[in-house]
Structures are given as C-alpha cells and as structure tokens.
Number of protein chains: 2
Amino acid sequence: MAAVDLTSHPGHLARRLQQAHYLLWNTMVSEEITSPQFAVLNALVAEPGLDQRTVGERVGLDRSTIAEVISRLIRRGLLDKVRDPQDGRRFLLGLTDEGLRTHRRLTVRTARMNQVFLSPLSAAEQTLFLELIQRVSDAAEGLRNPGEPLVAPS
Amino acid sequence: MAAVDLTSHPGHLARRLQQAHYLLWNTMVSEEITSPQFAVLNALVAEPGLDQRTVGERVGLDRSTIAEVISRLIRRGLLDKVRDPQDGRRFLLGLTDEGLRTHRRLTVRTARMNQVFLSPLSAAEQTLFLELIQRVSDAAEGLRNPGEPLVAPS
DNA sequence: GTCAATTAATCAGGGCACTGATTATTTCTC
DNA sequence: GAGAAATAATCAGTGCCCTGATTAATTGAC
C-alpha cells in the first residue's frame with residue numbers, strides 16, 4: 001500500500017504524450033510516413049547533402065536508429081545516398097523528387113495537426129508549453145556526458 | 001527551401017523529452033527495470049489482483065505491449081499470473097515478494113530522478129508543466145473513438 | 001611512411017508501441 | 001440449449017530507441 005501517483009511523474013506523462021501524438025499523427029498526417037521520418041526529410045530540406053550521422057544529430061536520433069529510419073526512407077524512394085568522395089566512411093544523403101514532394105505535402109498537414117494537438121491550451125499556454133518541454137529536454141541532454149557523476153551513488 | 005522549425009512541433013519535442021527521460025532513468029533509477037515496467041508494478045501495488053487488460057488501461061499500454069511487458073516481469077520473477085477461476089479468459093496478476101521489494105526500492109529513486117529531471121524549472125513551472133502535459137494528452141486520448149471524424153478530409 | 005587513435009556505419013540484441021488477424025472463453029439472444 | 005456477438009489473450013508484422021561490439025576508412029603521432 002505505497003503506490004505512487006504517476007500523474008506527478010514527468011516521464012510517465014511524456015510517454016503518454018508521445019503515444020497521444022502518435023495516434024493523432026496517424027489519423028491526421030500520414031499512415032505511411034512517421035514523425036521521425038518526416039523530421040529526417042525536413043533536416044535534408046534545410047541542409048541538403050548532410051551525412052547520416054549529422055542528420056541523426058539534427059533530429060535527435062542515435063546512430064542505430066537513424067540508420068534504420070534512413071534505410072526505410074531509401075526503400076520507399078524518398079532518399080538516396082552516395083559515398084562521400086572526400087571521405088570514404090561517410091554517405092551523403094539527398095532527397096529524391098518524391099521525397100521533396102512528400103515533405104511539402106506533409107508540411108501542411110503537420111501544421112494542422114499541431115493546431116489540433118495543442119488546441120486544449122490557450123495561445124499563451126501553448127507557447128509556454130513548448131518552451132517548458134524544450135528547457136527540460138535540453139537540460140537533460142546536457143547531463144549526457146558531464147565529466148562528473150549526476151548523483152551521489154546511493 | 002521550405003524547411004520547418006521542429007522546435008515548434010510538440011510531437012517532436014515530446015519524443016525528445018521521452019528520450020531524455022529514458023537516459024536519466026537508466027543512470028539514476030535502474031538499468032534492469034524500465035519506466036513502463038515500474039508503472040505496471042505500481043498499478044498492482046495500488047490494486048492487487050488486476051487482470052492484464054485492466055493493468056494496461058491503468059498505465060496506458062495497449063493489449064500487445066502490456067502482454068510483452070508482463071511476460072518480461074514474470075520471466076524476472078517480479079510477477080505471477082493465474083487463470084481467473086471466475087472467467088477462464090482472464091489472467092489475474094500478482095506481485096511476488098521480490099516484485100514488492102523492487103517497487104519499494106525504485107520508488108525512492110524515481111522520486112529523486114523526477115526532482116533532477118524537473119530541476120531546470122521553478123516550483124510553479126513544474127506544477128504547470130505537469131498540468132499542461134496532462135491536459136494535452138487527455139484531450140488527444142479523448143479523440144480516440146469519437147463517432148465523428150476529427151478533421152474534415154483534405 | 002607506419003602504427004595507433006578516431007570516426008562513420010553496421011550488426012546483434014533487448015525493450016516499447018501500434019495494427020490486424022486468430023483462438024479460447026463467456027455472454028447474450030432466441 | 002444452440003448459435004451469434006463480445007471479450008481476453010496471443011501472434012505476426014512494422015517501426016522506434018538504446019547499448020555494446022565490429023568493420024572500414026581517415027587522421028594524427030612519431
């Protein structure tokens with residue numbers, strides 16, 4: 001009889017938030033292209049010709065995950081990759097015409113979806129909400145490799 | 001040249017938030033037990049003897065996912081399940097002694113982790129943050145099966 | 001120039017999350 | 001009481017997310 005109230009646990013709420021978003025994305029944006037996949041397309045619209053690792057950095061996906069996401073996008077003909085002639089370890093990524101079209105099409109829909117998603121909040125709350133999430137995530141990411149331990153061992 | 005700023009996309013931020021939480025959980029709480037697994041243990045501390053589907057409902061996991069999570073917890077000896085003599089479709093779940101001990105141990109650590117996770121925000125902001133996430137998630141979950149379409153088709 | 005350290009990408013393995021289909025049991029209807 | 005509808009659980013398939021180990025190429029030290 002010492003159960004905890006999970007509604008005070010930001011991690012639990014974050015998971016539920018993401019699930020809710022996933023569902024809404026599926027109904028309002030696309031059943032084919034996922035939100036992380038769109039983020040990758042978007043990164044390459046912003047900076048064409050990036051390599052795989054850097055794209056992962058831009059959108060917040062680790063080396064393994066970005067590899068999977070990219071291989072799916074290539075399989076679907078939205079991306080192609082060529083070896084960097086300057087550095088034989090790297091692959092340079094580029095959007096295909098269809099990739100570009102897909103990005104354009106989904107951009108409109110994601111805007112609408114974001115509106116619906118945030119509609120329970122007032123305009124001021126929406127701005128605050130985005131800012132708070134960002135501050136918490138940024139701070140936690142900053143704890144990644146800090147040189148000194150985060151907490152004293154119990 | 002029509003890339004979007006993903007920092008205004010709540011879904012993208014939600015994903016990053018969850019990743020940040022995942023990392024912090026791993027370093028501050030446990031490398032064995034995950035946050036969803038803890039949520040399941042916690043649900044069974046609050047209401048012992050629930051069946052699998054109901055536990056999933058309580059913690060926000062669908063039928064497939066809850067089945068996997070529970071089978072891992074059983075494999076690790078933290079849970080056991082018995083057929084409901086009243087209803088042969090159901091399994092009733094119970095915490096083992098070790099499951100109970102694990103829940104108790106992790107409860108302390110999650111509290112500390114939540115403090116660290118939210119530390120970039122002031123006390124007032126923390127309260128607001130949790131409330132805003134909850135309102136957005138609840139609203140989006142309410143859109144699940146509404147009888148009428150969410151949006152006019154494009 | 002050669003060997004060592006670094007770096008980009010891949011692979012193996014574990015866990016979370018969803019959908020659609022299937023199986024077993026119960027409940028509802030007649 | 002027999003057949004139909006509903007419900008709990010499982011299975012197959014896809015995708016995201018992480019770590020640790022491995023491979024191939026480049027860079028740096030000497």
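Proteins get letters first, then strands, A, B, ... in listed order; numbering begins at 1 in each.
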Spacing between B:R53 atom CZ and C:dT26 atom C1', to the nearest angstrom: 14 Å
For A:H9, all residues meeting ring pair (Phe, Tyr, Trp, His ring centres under 6.0 Å), sequence neighbours excluded: none
Under 4.0 angstrom between B:Q19 side-chain N/O and D:dC18 OP1 or OP2: yes
A:Q19 (side chain) donor-acceptor with B:G60 (main chain) under 3.5 angstrom: yes
Length of the line joining B:I70:CD1 and C:dG15:P, which is rounded to integer Å: 15 Å
Length of the line joining B:D51:CG and C:dT26:C1', which is rounded to integer Å: 14 Å
Whole-Å gap separating P (D:dA25) and CZ (A:R89): 10 Å
Touch class at under 4.0 angstrom, heavy-atom based, for A:N26 against every strand present: nothing
Sugar-phosphate, base or nothing in reach of B:D62, heavy atoms under 4.0 Å: base
d(CD1, A:I66; C1', D:dC18) in whole Å: 14 Å
Of B:R15 and A:P85, the one whose closest DNA chain D nucleotide lies more 5': B:R15
Cluster companions of A:F91 among Ile, Leu, Val, Met, Phe, Trp, Tyr (side-chain spacing under 4.5 Å): none
Residues A:L13, B:F129; criterion side-chain contact (heavy atoms from CB on, under 4.5 Å); working and verdict: CA-CA 10 Å; A:L13 295 177; B:F129 182 54; over 6 Å; no
Sequence neighbours excluded, every pair satisfying salt bridge (Lys or Arg N to Asp or Glu O under 4.0 Å) that has a member inside residues 9-25 of chain B: A:D138-B:R16, A:E141-B:R16
Atom-to-atom span, CD of B:E31 to C1' of D:dC18 - whole angstrom: 12 Å
Among C:dA17, D:dC18, D:dT26, the nucleotide that comes nearest once only the side chain of B:P36 is considered: C:dA17
First encountered from the 5' end of DNA chain D, between A:T65 and A:D84: A:T65
Whole-Å distance separating the CH2 atom of B:W25 from the C1' atom of C:dG15: 14 Å
Summary of protein contacts for nucleotides 10-15 of chain D, nucleotide by nucleotide, where a base hit scores B, a sugar-phosphate-only hit scores S (4.0 Å, heavy atoms): BBB--S
Interatomic distance, A:D87 CG vs C:dT7 C1' [rounded to whole Å]: 8 Å
Apart from A:V82 itself, residues in the same hydrophobic cluster as defined by side-chain heavy atoms under 4.5 Å: A:L92
Salt bridge (Lys or Arg N to Asp or Glu O under 4.0 Å) pairs, two or more places apart, involving residues 122-133 of chain B: A:R135-B:E125, B:E131-B:R135
